[in-house]
Participant: 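Could you have a look at this structure, given as structure tokens, before my questions?
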Amino acid sequence: SYSVSGIQMLSVQPDTKPKGCAGCNRKIKDRYLLKALDKYWHEDCLKCACCDCRLGEVGSTLYTKANLILCRRDYLRLFGVTGNCAACSKLIPAFEMVMRAKDNVYHLDCFACQLCNQRFCVGDKFFLKNNMILCQTDYEEGLMKEGYAPQVR
């Protein structure tokens, strides 16, 4: 299960005892603090576990799941309602990690070149052609066969 929580920004009253930050456990001596998940945070300490963005700046909601605190974008990217895998057509359960390419979503295990089955690593180039995912080699070979290859002079 997951929860969506609001983030409030409060100004620190000078005459009150400083509150402890749930992120770093130090006292909050700034002019402002954030209140979220019934705890208090420095603005710098309430961050998305994925992209490190400051959640007080991104919007006034945060998403928690499996002890992760996430911004909306990363929450949806990781756990959003996902529909069917573009490669195997089977349903992808919500809360399963997925890969996305344009409008397509894939099970992590299905995200591979659909000709040679090579899995992609972070940073690898992949190509979408006629809704098929291709590795660079197969994509370029396909272009050669179709005569799209630039003429070598």
Side-chain angles (χ1 to χ4, degrees), residues 1-140:
S1 72
Y2 76 98
S3 70
V4 182
S5 309
I7 302 170
Q8 293 171 285
M9 179 175 274
L10 306 170
S11 56
V12 175
Q13 303 306 318
D15 48 355
T16 54
K17 195 163 144 288
K19 297 188 171 16
C21 172
C24 68
N25 295 319
R26 291 202 294 272
K27 298 243 182 290
I28 303 173
K29 295 177 175 157
D30 307 350
R31 286 185 47 203
Y32 296 97
L33 57 76
L34 299 176
K35 184 176 182 192
L37 307 171
D38 287 325
K39 297 176 183 146
Y40 297 98
W41 310 76
H42 289 104
E43 289 177 82
D44 279 346
C45 292
L46 188 58
K47 290 198 289 211
C48 172
C50 267
C51 71
D52 253 3
C53 68
R54 289 164 49 153
L55 291 167
E57 288 175 0
V58 174
S60 48
T61 51
L62 60 81
Y63 291 71
T64 47
K65 178 169 167 59
N67 288 334
L68 291 173
I69 295 179
L70 299 165
C71 67
R72 181 169 188 273
R73 201 189 67 181
D74 281 318
Y75 172 78
L76 290 174
R77 187 171 65 79
L78 295 172
F79 301 114
V81 178
T82 49
N84 289 19
C85 173
C88 74
S89 306
K90 292 199 189 88
L91 187 70
I92 301 175
F95 306 126
E96 186 173 301
M97 298 275 279
V98 296
M99 292 298 290
R100 293 180 192 271
K102 293 211 174 116
D103 297 332
N104 296 350
V105 271
Y106 302 86
H107 293 103
L108 279 186
D109 291 342
C110 293
F111 193 69
C113 175
Q114 288 170 301
L115 288 179
C116 71
N117 291 319
Q118 176 198 320
R119 296 278 301 272
F120 297 102
C121 299
V122 175
D124 285 353
K125 272 199 176 140
F126 67 88
F127 298 84
L128 265 181
K129 185 155 174 24
N130 306 332
N131 249 351
M132 277 176 58
I133 329 171
L134 301 173
C135 67
Q136 190 161 6
T137 311
D138 286 322
Y139 176 74
E140 286 169 357

Participant: Taking the side chain as every heavy atom from C-beta outward, state whether Tyr75 and Thr61 have any atom pair closer than 4.5 Å.
Facilitator: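 When only atoms from C-beta onward are counted, Thr61 and Tyr75 do not touch, as no gap falls below 4.5 Å.
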
Participant: Determine, step by step, whether Asp109 and Arg119 satisfy the side chain to side chain contact (heavy atoms under 4.5 Å, CB included) criterion, reporting the C-alpha distance in whole Å, the side-chain angles of both residues, the deciding distance to 0.1 Å, and the verdict.
Facilitator: CA-CA 8 Å; Asp109 291 342; Arg119 296 278 301 272; 3.8 Å; yes

Participant: Check whether more than 12 heavy atoms from other residues, nucleotides or ligands sit under 6.0 Å from atom CG of Asp38, and answer yes or no.
Facilitator: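 Counting neighbours around CG of Asp38, 12 or fewer heavy atoms of other residues, nucleotides or ligands fall under 6.0 Å, so no.
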
Participant: With rounding to the nearest 0.5 Å, note down the distance linking CG in Leu33 to NZ in Lys39.
Facilitator: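 The distance works out to 15.0 Å.
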
Participant: Which value, rounded to the nearest 0.5 Å, describes the distance between Glu57 atom CD and Leu34 atom CG?
Facilitator: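 Output value for this atom pair is 9.5 Å.
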
Participant: Mind listing the closest non-hydrogen atom pair of Tyr63 and Cys71 along with its distance?
Facilitator: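 Minimum heavy-atom contact is CD1-C, 4.2 Å.
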
Participant: Without placing hydrogens or testing angles, list every side-chain donor-acceptor pair under 3.5 Å for residues 110-118, not counting sequence neighbours.
Facilitator:
unit_1	atom_1	unit_2	atom_2	d
Gln114	OE1	Ile133	N	2.6

Participant: Would the number of heavy atoms belonging to other residues, nucleotides or ligands and lying under 6.0 Å from CG of Asp124 be above 12?
Facilitator: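 For Asp124, atom CG is crowded (more than 12 foreign heavy atoms under 6.0 Å).
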
Participant: Against Cys48, only a single residue in Leu55, Leu68, Ile69 fulfils side chain to side chain contact (heavy atoms under 4.5 Å, CB included); can you say which?
Facilitator: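 Testing each of Leu55, Leu68, Ile69 against Cys48, the sole residue satisfying side chain to side chain contact (heavy atoms under 4.5 Å, CB included) is Leu55.
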
Participant: With a cut-off of 3.5 Å and sequence neighbours excluded, list every side-chain donor-acceptor pair involving residues 8-22.
Facilitator:
unit_1	atom_1	unit_2	atom_2	d
Gln13	NE2	Ser11	O	3.3
Thr16	OG1	Gln13	O	2.8

Participant: Measuring from atom CZ of Phe120 to atom CG of Leu134, what distance do you get when rounded to the nearest 0.5 angstrom?
Facilitator: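 Reported to 0.5 Å precision, the distance equals 7.5 Å.
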
Participant: How many angstroms lie between atom CH2 of Trp41 and atom NZ of Lys47, to the nearest 0.5 angstrom?
Facilitator: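 Here the rounded value is 11.5 Å.
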
Participant: Which heavy-atom pair separates Leu62 from Thr64 by the least distance, and what is that distance?
Facilitator: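 That closest heavy-atom pairing would be CD1-CG2, 3.6 Å.
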
Participant: Which pair of heavy atoms, one from Ile7 and one from Gly56, lies closest together, and at what distance?
Facilitator: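 Between these two residues, the closest heavy atoms are CD1-N, 4.3 Å.
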
Participant: Looking only at non-hydrogen atoms, find the nearest pair between Ile28 and His42 and report the distance.
Facilitator: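 Smallest heavy-atom distance, with atoms named: CA-NE2, 3.5 Å.
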
Participant: Would you name the heavy atoms of Gly23 and Cys45 that are closest together and state the gap between them?
Facilitator: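 Between these two residues, the closest heavy atoms are CA-CB, 4.2 Å.
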
Participant: Can you measure from SG (Cys135) to CZ (Phe126) and round to the nearest 0.5 angstrom?
Facilitator: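 Here the rounded value is 12.0 Å.
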
Participant: So how far is it from Cys51 SG to Asp74 CG, rounded to the nearest 0.5 Å?
Facilitator: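 Answer rounded to 0.5 Å: 4.5 Å.
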
